[in-house]
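What follows is a single structure, written as C-alpha cells, with notes after it.
We number each residue from 1, following the sequence as shown. Not measured: the values here are computed from a predicted model.
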Amino acid sequence: MDKRQEIEDLLKEYNQEHIIKYFDKLNKNQEEELFKQIQKIDLHQITELYNNTKRPIEFKESKIEALKYLDKAKLTKEQKTKFDDLGKQVIKNGQYAVVTMAGGQGTRLGHNGPKGTFKLDVYGKGKYLFEILVDNLKEANKEYGVIINWYIMTSKENNQETIEFLEKNNYFGYDKNFVKIFMQSELPIVDANGRLMMGKNYKIKEASDGNGGTYSSLRRSGCLTDMKEKGIKWVFIGPVDNALLKMADVTLLGMAISENVQIASKSVVKANPHEKVGVFCKMNGHPKVIEYSELPEEMAEEVDNDGELKFGESHIMCNLYTIDAIEKISKEILMYHSAFKKNSYIDENGKEIVPQQPNSYKFESFIFDAFEFFDDIAILRGKREDDFAPVKNAEGVDSPKTAKELYEKYWNKRKN
Ligand code: UTP
C-alpha cells in the first residue's frame, strides 16, 4: 500500500478524513512533512482526550484532609539554622540544579514572544523575566561558591526565539556552559467536534502539553541523564513568571532533607478563603493540589485551632524533588485536563481563520498531578511579599503592574 493510502486509512479510522482534502494543495515537501507528522500523532489518545471533554466530571467519593505545613516565619532559630545548613551543604557540593518551565503560551499576558522575554518595568530601566531569574541564580552562586546548573524548558513554538534572546543578551552574564535548553512535547489541538486543525505551513496544529510535561521531557531530552552524570541529587522546578521566585531556597531544601521526603513545595497562604487558587490537601491518603472549584465551600472556610485556614496553602509552582522522584514521575502517565481556547487555523480553501471566540480544545497535564504518586510531601509556607509576584494577566490582579510593585517593595526592603 502506498504511503498516502496508508495515511488516508488511518485518518478515516479516527474520523479525521477532512484532513485528506488538504493533500492536493501540498507540494512534495509539505506532503512528506505532513505525513511524517500524522504518523507520529497518537490518534487514539486524541480521540480519547476529546471524548473525555464530553463526559461529566465525576467527583468521586474522596476523603479530603488538611496537609501539614511548616511556616517559615514561625520556625525556631534552631530549626531554621538546621534546615539552612543542610540545604547549603547540598548546593555547595554541586548537588543542586534548577529547572525553569518556560514553555507556556502566556495567552493571558498577551506578550508577543516567550514570557521570559517580557520586560518588567522595574526601577526605570526595566528587567526581563529571564534576567530576574539569572540575577537570583547569580546571587545564590556568589553566596555558595558554585555555579548552579540551570535547565530551561521551552516549547517547539518558542524554543528558537528563546535561544536567540538568551544568546543576544549573553545569558545575562550566566556561564553558558551551565545552561541547557530542552523542549517539551506537544499534543494536537482539536476543534469543537474533535477534528484536527490545520495550521500555517500545512502542519496539524499542535500546542505544548502543559507544565506536567516537564518530567517526561527532562527524561526524553537527556537532561535527566545529564543531571545524574553531574551528581545532582535535588532539583528545583519553578515557573518563568514569578518575579520574586527564589531559585535556591536553602530552608526549603533543608526542610525536605530533614523531613526525609522526596518532594517539598513552597506555598503562600490564600489571600481569602475563596481566592481562586489550587490548595494543598491530602486526598485518599495522598498529597494533592485541589482546584478551588472542587473544594467544598465549608472546607474552604474551615479554620484550625490557631485560626488558620485548614486548606489555605496555595500551590505557587515552587517544587523541589529528589532526582529519584523526577525519574519515577517521568515514567508515569499524568492525567490530562482540557481547556477550550481560541486558536486560528487554515480552512479547506487555504484561508486563515482567526476566531473571535474559543473554538478548540487544548490538552494539558499539570505539574502538581504528580504529587499523588507519593505518600507524603513537605510544605513550607513562605510569604506573598517575599516569594510570589506572578505575571499572568495583562491588567488587574497578577499583572506586570502588581509584580513591579511587589518586586520593588521587596528590593527596597532588602536594600535598607
Ligand atoms: P501557566 O499555566 O500560568 O501558563 O504556566 P502560561 O503559559 O504562563 O499562561 P496562560 O495560561 O497561557 O495565560 C505556569 C508556568 O508553567 C509554564 C509556563 O511557562 C509558566 O512558567 N508552562 C505552562 C510550560 O512550561 N509549559 C506549558 O505547556 C504550560
Side-chain angles (χ1 to χ4, degrees), residues 67 69 72 97-109 114-116 118 120 129-130 132-133 136-137 150-155 184 208-218 234-249 251-253 255-256 262-271 275-281 287-292 312-321 325-326 329 334-335 337 339 364-372 374 377-393 397-399 402-403 406-407:
L67 189 61
Y69 62 89
K72 194 171 179 178
V98 170
V99 176
T100 295
M101 301 181 293
Q105 291 181 299
T107 37
R108 287 168 290 172
L109 183 62
K115 228 182 196 182
F118 180 79
L120 199 61
L129 290 177
F130 273 132
I132 290 176
L133 298 180
N136 193 257
L137 275 176
W150 186 25
Y151 299 82
I152 302 170
M153 184 174 80
T154 60
S155 63
Q184 73 175 102
S208 41
D209 59 357
N211 52 37
T214 311
Y215 309 108
S216 58
S217 304
L218 274 170
W234 289 91
V235 183
F236 176 78
I237 304 182
V240 71
D241 55 4
N242 174 1
L244 286 180
L245 183 72
K246 306 290 174 285
M247 304 274 262
D249 185 330
T251 319
L252 181 71
L253 181 51
M255 176 191 72
Q262 299 224 59
I263 304 181
S265 192
K266 173 91 71 71
S267 67
V268 297
V269 72
K270 256 173 150 180
E275 193 189 3
K276 292 185 171 167
V277 291
V279 290
F280 286 99
C281 70
K288 190 172 169 70
V289 173
I290 185 167
E291 296 287 359
Y292 60 89
E313 303 312 302
S314 329
H315 174 255
I316 55 167
M317 303 227 179
C318 295
N319 299 312
L320 178 73
Y321 307 79
I326 303 246
I329 303 167
L334 297 187
M335 72 165 102
H337 305 254
E364 293 183 298
S365 60
F366 294 158
I367 190 115
F368 54 72
D369 280 327
F371 298 162
E372 62 195 64
F374 296 80
I377 66 176
I379 311 289
L380 184 69
R381 178 194 280 185
K383 278 193 184 147
R384 242 166 225 270
E385 62 268 34
D386 293 344
D387 293 296
F388 195 46
V391 182
K392 295 285 178 198
N393 305 308
V397 286
D398 300 341
S399 63
T402 55
L406 285 160
Y407 181 90

ask   = Run the side chain to side chain contact (heavy atoms under 4.5 Å, CB included) check on Phe236 and Leu253 step by step: do they pass?
value = CA-CA 9 Å; Phe236 176 78; Leu253 181 51; over 6 Å; no

ask   = Do you know which two heavy atoms are closest between Ser208 and Gly103, and how far apart they sit?
value = OG-O, 3.3 Å

ask   = Are Tyr292 and Val277 close enough that some pair of their side-chain heavy atoms sits under 4.5 Å apart?
value = no

task = Show your reasoning for whether side chain to side chain contact (heavy atoms under 4.5 Å, CB included) applies to Lys288 and Asp369.
result = CA-CA 7 Å; Lys288 190 172 169 70; Asp369 280 327; 4.2 Å; yes

Where Ala248 and Asn136 come nearest, the two heavy atoms and their spacing = N-OD1, 4.3 Å

request  = Decide yes or no for Leu244 and Asp386: does some side-chain heavy atom of the first lie under 4.5 Å from some side-chain heavy atom of the second?
outcome  = no

ask   = Roughly how far, to the nearest 0.5 Å, is the OG atom of Ser216 from the CG atom of Asp209?
value = 6.5 Å

Exercise: identify the closest heavy-atom pair between Ala370 and Ile329 = CB-CG2, 3.4 Å

task = Examine the side chains of Ser265 and Asn319 and answer whether a donor and an acceptor come within less than 3.5 Å of each other.
result = yes

task = Using modelled atom types only, decide if a donor and an acceptor are shared between the side chain of Asn211 and the backbone of Ile367 within a distance under 3.5 Å.
result = yes

task = Check whether any side-chain heavy atom of Val235 lies under 4.5 Å from a side-chain heavy atom of Tyr151, and answer yes or no.
result = no

note = Value for CD (Gln184) from OG1 (Thr214), rounded to nearest 0.5 Å, stands at 6.5 Å

ask   = Does Lys115 reach the main-chain N or O of Val391 with its side chain, forming a donor-acceptor pair under 3.5 Å?
value = yes

query = Is the closest side-chain heavy-atom distance between Val268 and Glu313 below 4.5 Å?
reply = no

query = What's the spacing between Tyr321 OH and Tyr215 OH if we round to 0.5 Å?
reply = 2.5 Å

Atom of Phe366, atom of Leu334 and distance for their closest heavy-atom approach = O-CD1, 3.8 Å

query = Less than 4.5 Å apart, any side-chain heavy atom of Phe130 and any of Val240?
reply = yes

task = Could you check if a side-chain atom of Met317 sits within less than 4.5 angstrom of a side-chain atom of Leu245, using non-hydrogen atoms only?
result = no

query = Where does the angle between the aromatic ring planes of Phe368 and His337 fall among parallel (under 30°), tilted (30 to 60°) and perpendicular (over 60°)?
reply = perpendicular

ask   = Is a side-chain N or O of Asp387 found less than 3.5 angstrom from the main chain of Lys246, in a donor-acceptor match?
value = no

CA sep, side-chain torsions, deciding dist, call: Asp249, Lys72, salt bridge (charged side-chain N to carboxylate O under 4.0 Å, His left out) = CA-CA 11 Å; Asp249 185 330; Lys72 194 171 179 178; 3.0 Å; yes

Nearest atoms (heavy-atom pairs only) where Pro287 meets Leu67 = CB-CD2, 4.3 Å

request  = Evaluate the criterion side chain to side chain contact (heavy atoms under 4.5 Å, CB included) for residue pair Ile326 and Ile237; output intermediate values, then yes/no.
outcome  = CA-CA 10 Å; Ile326 303 246; Ile237 304 182; 3.8 Å; yes

key: Pairwise distance CZ(Arg381) to OG(Ser314) - rounded to 0.5 angstrom   = 9.0 Å

ask   = Got a second to check how far Met247's CE is from Leu137's CG, nearest 0.5 Å?
value = 3.5 Å

For the student: nearest non-hydrogen atoms of Ala243 and Tyr407, plus distance = O-CD1, 3.4 Å

request  = Could you tell me the separation between the CG atom of Leu252 and the SG atom of Cys318, rounded to the nearest 0.5 Å?
outcome  = 8.0 Å

